[in-house]
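What follows is a set of notes on a single structure, which appears directly below.
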Amino acid sequence: MFTRSIRNTALSIILALGAVMPAYAETFVFTAIPDEDETKLVERFRGVADYLSEQLDVEVRYIPVKSYAAAISAFRNNQVQLAWFGGLSGVQARALVEGSEALAQGVEDQEFYNYFIAHKSTGLERSDTLSDDVRGKTFTFGSKGSTSGRLIPEYHIRKTFGEAPEEVFERVGFSGNHTRTLRLVEAGTYEVGALNYKVWEKELEDGNIDTDSVKIIWKTPAYPNYQWSIRGDVNERFGEGFKERVKQALLALDDPKLLESFPRSGFVPASNDDYEPIQDVAEQLGIID
């Protein structure tokens, strides 16, 4: 009788706990390409994780990665289910995961562009075209896998000069991200570089650019860029309609502080078809098959 009483009491406690504790659910994990300093990215995307967790009623976690390739691999291997990609990395990642989709892009990502910048020692001035005067200078891209840090700048260099960057410039490097490109050109380590306009404008707004040392010399034509991409199997893992809920949560993100950290004014719907121009350029340059 005493043993049965203990067993019944224990069962009652377990049932009571079950009534108040949430059911077990998998963690929804996302990442982002490392296009800026890691500390900035961690602050930004931890805020996004908190927002998505509230909106989706699941645990959401952001994990940083060290390279564009690592972000693509994490997406392919289902270590993350959502990622903030650039145009090229998104095309590459979605090609590896059947049914994956571009869900949302920044308002500004519909017509993104690059700045080519130069150190004051070059004497280069802003022009409506990419001037032949950059020939023979030292030049730095951002990351090798970046749309705005490598793909688009290289496309325009080849289109303008009919030659590979290594034939146009005295020395070509890869800084790793847009912020470092800015710092290297500002310091004169490289004479010319290319970075996305959003990083330039944010650093300028924050007072982090010595405009006596570095200036914009050319602005590229517009192209589609960053987007949120999601794996095609998330509904199977997190429940019917989950993909659409993620999309709507991203489109509804209106926290001024979070948006400013991107920086974007908001998010709008995106589709895989929006990024066909990026795929076409990447194929022309032999970056993807």
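If you read the sequence from its start, that first residue is 1, and numbering goes on from there. Keep in mind that the numbers below use all heavy atoms, side chains included, and drop hydrogens, waters and symmetry copies.
Within a 6.0 Å radius of CG in Asn77, more than 12 heavy atoms belonging to other residues, nucleotides or ligands are found. In Lys159, the NZ atom is not crowded: 12 or fewer heavy atoms of neighbouring residues, nucleotides or ligands sit closer than 6.0 Å. The number of heavy-atom neighbours closer than 6.0 Å to CD of Glu111, taken from other residues, nucleotides and ligands shown, is 12 or below. Residue Gln284 qualifies as enclosed at atom CD: its count of foreign heavy atoms under 6.0 Å is above 12.
Both Ile117 and Leu204 are part of a single hydrophobic cluster, where members link through side-chain heavy atoms under 4.5 Å apart. By the rule that hydrophobic residues join a cluster once side-chain heavy atoms approach within less than 4.5 Å of another member, Phe85 and Val65 end up as members of separate clusters. A continuous path of ILVMFWY side-chain contacts below 4.5 Å connects Ile288 to Val97, so both sit in one hydrophobic cluster. If you chain together hydrophobic residues whose side chains sit under 4.5 Å apart, Val80 and Leu96 fall into the same group.
A side-chain donor-acceptor contact under 3.5 Å links Ser73 to the backbone of Ala69. Judged purely by atom type and a 3.5 angstrom limit, Ser53 uses its side chain to pair as donor or acceptor with the backbone of Val58. Put simply, the side chain of Gln227 gets close to the backbone of Asn225: a donor and an acceptor are under 3.5 Å apart. Between the side chain of Asp255 and the backbone N or O of Val48, no donor-acceptor pair lies under 3.5 Å. One N or O on the side chain of Asn196 and one on the backbone of Lys198 form a donor-acceptor pair closer than 3.5 Å. Proximity of a side-chain donor or acceptor of Asn177 to a complementary backbone N or O of Thr179 within less than 3.5 Å is detected.
Of all heavy-atom pairs spanning Ala249 and Leu52, the tightest one is CB-CD2, 3.9 Å. The shortest non-hydrogen separation linking Ser148 to Tyr223 is CB-OH, 3.0 Å. Ala194 and Thr181 get closest at one heavy-atom pair: O-CG2, 3.6 Å. Ala222 approaches Tyr113 most closely through the heavy-atom pair CA-CB, 4.5 Å. Residues Tyr62 and Val42 come closest through the heavy atom pair CE2-CA, 3.9 Å.
Ser175 has its side chain out of reach of Tyr190: every pair of non-hydrogen atoms, C-beta onward, lies at least 4.5 Å apart. Within the 4.5 Å cutoff, no side-chain heavy atoms of Phe112 are placed close to those of Thr147. Put simply, the side chain of His178 does not reach to within 4.5 Å of the side chain of Trp200, judged on heavy atoms. In this structure, the side chains of Phe242 and Arg237 stay at 4.5 Å or more apart for every pair of heavy atoms. Using a 4.5 Å heavy-atom cutoff, the side chains of Tyr275 and Gln105 are in contact. Residues Ile152 and Leu88 are not in side-chain contact: their nearest non-hydrogen atoms beyond the backbone lie 4.5 Å or more apart. Using a 4.5 Å heavy-atom threshold, the side chains of Thr31 and Val29 count as separate. Inter-residue side-chain proximity for Tyr197 and Ile216 is flagged as unmet; no heavy-atom pair is nearer than 4.5 Å.
Listed by chain and residue number, Glu101, Leu103, Ile230, Val234, Asn235 satisfy the side-chain contact (heavy atoms from CB on, under 4.5 Å) test with Lys243 (two or more places apart in sequence, or in another chain). The side-chain contact (heavy atoms from CB on, under 4.5 Å) test applied to Val281 returns Leu151, Tyr155, Leu285, not counting sequence neighbours. Partners of Glu163 according to the salt bridge (charged side-chain N to carboxylate O under 4.0 Å, His left out) rule, which considers only residues two or more places apart in sequence or in another chain, are Arg135. A search for salt bridge (charged side-chain N to carboxylate O under 4.0 Å, His left out) contacts involving Arg46 returns nothing, not counting sequence neighbours. In terms of the side-chain contact (heavy atoms from CB on, under 4.5 Å) criterion, residue partners of Gln248 (sequence neighbours excluded) are, by chain and number, Glu244, Leu251. For Ser143, the side-chain contact (heavy atoms from CB on, under 4.5 Å) partners at least two apart in sequence or on another chain are Tyr68, Ser146.
Note on Glu36 versus Lys202: no salt bridge recorded, every NZ/NE/NH1/NH2 to OD/OE distance being 4.0 Å or above.
Under the 6.0 Å cut-off for aromatic ring centres, Tyr226 and Trp84 qualify, their centroids lying closer than that. Separation of the Phe45 and Phe262 ring centroids falls under the 6.0 Å cut-off.
Sorted by first and then second residue, the pairs that involve residues 138-157 and meet salt bridge (Lys or Arg N to Asp or Glu O under 4.0 Å), not counting sequence neighbours, are Arg150-Glu154, Glu154-Arg158. Screening residues 226-236 for salt bridge (Lys or Arg N to Asp or Glu O under 4.0 Å) gives Arg231-Asp233 as the qualifying pairs, with residues at least two apart or on separate chains. Applying the salt bridge (Lys or Arg N to Asp or Glu O under 4.0 Å) rule to pairs touching residues 209-219 yields Glu125-Lys215, sequence neighbours excluded. Counting only residues at least two apart or on different chains, the salt bridge (Lys or Arg N to Asp or Glu O under 4.0 Å) pairs with a member in residues 173-191 are Arg183-Glu186, Arg183-Glu203.
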Could you give me the CA-CA distance, side-chain angles and deciding distance for Ile33 and Leu41, then say whether side-chain contact (heavy atoms from CB on, under 4.5 Å) is met?
CA-CA 9 Å; Ile33 52 171; Leu41 298 179; over 6 Å; no
**Request:** Evaluate side-chain contact (heavy atoms from CB on, under 4.5 Å) for Asp133 paired with Thr122, printing each intermediate quantity in order.
**Result:** CA-CA 9 Å; Asp133 292 337; Thr122 64; over 6 Å; no
Pair Thr160, Thr129 - check side-chain contact (heavy atoms from CB on, under 4.5 Å), show working. CA-CA 9 Å; Thr160 300; Thr129 60; over 6 Å; no
Between Glu38 and Lys66, is the side-chain contact (heavy atoms from CB on, under 4.5 Å) condition met? List the steps. CA-CA 9 Å; Glu38 186 174 338; Lys66 294 296 185 183; 2.9 Å; yes
Donor-acceptor contacts under 3.5 Å from residues 264-271 side chains, at least two apart:
residue, atom, partner, partner atom, Å
Arg264, NE, Asp109, OD1, 3.4
Arg264, NE, Asp109, OD2, 2.8
Arg264, NH2, Asp109, OD1, 3.0
Ser265, OG, Glu108, OE2, 2.8
Ser271, OG, Asp273, N, 3.4

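Among the candidates Leu56, Leu250, Leu253, the single residue satisfying the side chain to side chain contact (heavy atoms under 4.5 Å, CB included) test with Tyr51 is Leu253.
For the atom pair CD1 of Ile72 and OG of Ser229, the computed distance is 10.5 Å after rounding to the nearest 0.5 Å. Atom OG of Ser89 sits about 10.5 Å away from atom CZ of Phe75, to the nearest 0.5 Å. The OG1 atom of Thr138 sits 5.0 Å away from the CZ atom of Arg171 when rounded to the nearest 0.5 Å.
Residue Ile157 belongs to a hydrophobic cluster whose other members are Phe116, Leu124, Leu130, Val134, Phe139, Phe141, Phe161, Val168, Phe169, Val172, Phe174, Val192, Ile217, Trp218, with links defined by side-chain heavy atoms closer than 4.5 Å.
Counting only N and O atoms by type, the side chains of Arg94 and Gln279 include no donor and acceptor under 3.5 Å apart.
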